[in-house]
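What follows is one structure encoded as structure tokens, with my remarks underneath.
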Amino acid sequence: KFFWDASAESLGIGTSSPSYKMTINTPDENHLRLENGSELGFLRVMDTGALNFWVHGDNSTDVMTFSNGSGAGTERMRIDSSGNVGIGGNPDSGRKLHIEGGDASVGITLKDTAGGQFGIYSEDGNLDFKSDSANTVRMRIDSSGNVGIGTSSPIAKLHVNDSSANAYIRVTSSTNTGIDFGQETNGNGLINLRDSAALRVFTGSAERMRIDSIGNLLVGKTSANYNTVGGEIQGSGSNEGLAQFTTDGIRALTLNRLNS
């Protein structure tokens with residue numbers, strides 16, 4: 001049934017209270033069908049005589065295209081028969097979303113109402129992760145597979161840079177505060193175990209050396225003990241600086257001078 005609201009100049013189909021210029025209300029999913037020969041039809045939105053937006057469905061290929069602009073319009077998005085979506089280009093087979101730009105930079109930007117902004121961009125063969133309104137690059141994966149954090153020119157598989165402070169990587173677990181690896185602004189290297197525990201060094205899955213929680217350097221042993229085979233240099237307490245080496249059946253220490 002049709003209902004015409006003359007005062008509002010609105011048409012209702014299946015409703016006597018149209019809230020828009022045309023409102024369709026049906027008890028099933030068959031709301032509106034447009035046909036034009038072999039084509040599913042067009043849906044156009046006009047503004048002052050110019051074509052602003054139109055949807056075209058092709059019944060022969062099961063493709064739906066979205067276009068805008070004047071005249072015949074310019075295609076902006078396409079959904080193919082498999083449900084794959086292409087924006088700025090044709091959908092790629094097997095990929096649900098394909099985005100293509102007209103220049104060397106194309107991306108997606110996410111922005112919240114508080115002003116936060118994050119974007120993923122493909123730029124000149126690089127994959128960039130950006131944030132803030134200035135689109136600052138926070139991380140880059142270049143065409144060689146190198147990852148840069150704080151730098152747009154990574155020269156290693158993982159390159160971390162901080163131009164204003166000590167640059168370091170922190171690794172944590174669910175129960176500990178972590179360990180830092182990095183470089184200070186004065187050029188010194190940094191390894192900082194943030195928990196009161198031992199720093200252990202392994203080769204071939206076997207522990208070779210450790211610095212225990214009070215600063216003792218232990219080689220070939222796991223605790224500071226004069227009766228245990230191995231070497232140690234004590235790093236704290238009344239014996240700070242004491243070096244002792246224990247062996248079983250061989251020399252405990254050899255000092256050799258090659259020249260007089």
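Along the sequence shown, the residues carry numbers beginning at 1.
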Specify the closest pair of heavy atoms between [X] and [Y], including all atoms of both residues, with the distance to one decimal.
X	Y	result
F129	I141	CE1-CD1, 4.3 Å
I149	L158	CD1-CD1, 4.2 Å
Y121	I108	CE1-O, 4.3 Å
S7	D5	OG-OD1, 2.7 Å
L193	A197	CD2-O, 3.4 Å

Side chains of Q244 and N239: any donor to acceptor distance under 3.5 Å? no
Applying salt bridge (Lys or Arg N to Asp or Glu O under 4.0 Å), name anything that partners [X], two or more places apart in sequence or on another chain.
X	value
D132	R138
D128	R140
E207	R200, R210

Are there more than 12 heavy atoms of other residues, nucleotides or ligands under 6.0 Å from atom CZ of R76? yes
Hey, is CG on L242 packed in by over 12 heavy atoms from elsewhere, all under 6.0 Å? yes
Those residues that, when tested against N216, pass side chain to side chain contact (heavy atoms under 4.5 Å, CB included) (two or more places apart): D212, I214, L218, A224, Q234
Working note: N188 + N186, criterion side chain to side chain donor-acceptor pair (under 3.5 Å); need CA distance, chi angles, decisive distance, verdict. CA-CA 6 Å; N188 293 332; N186 59 12; 3.3 Å; yes
Which side-chain N or O atoms in residues 16-23 pair as donor and acceptor under 3.5 Å with protein atoms at least two apart or in another chain?
| from | atom 1 | to | atom 2 | distance (Å) |
| --- | --- | --- | --- | --- |
| K21 | NZ | A8 | O | 3.3 |
| T23 | OG1 | S19 | N | 3.1 |
| T23 | OG1 | Y20 | N | 3.2 |

For D112, what residues pass the side-chain hydrogen bond (donor to acceptor under 3.5 Å, both in side chains) criterion, not counting sequence neighbours? none
Point-to-point distance, once rounded to the nearest 0.5 Å, from OG1 of T151 to CG of D162: 11.5 Å
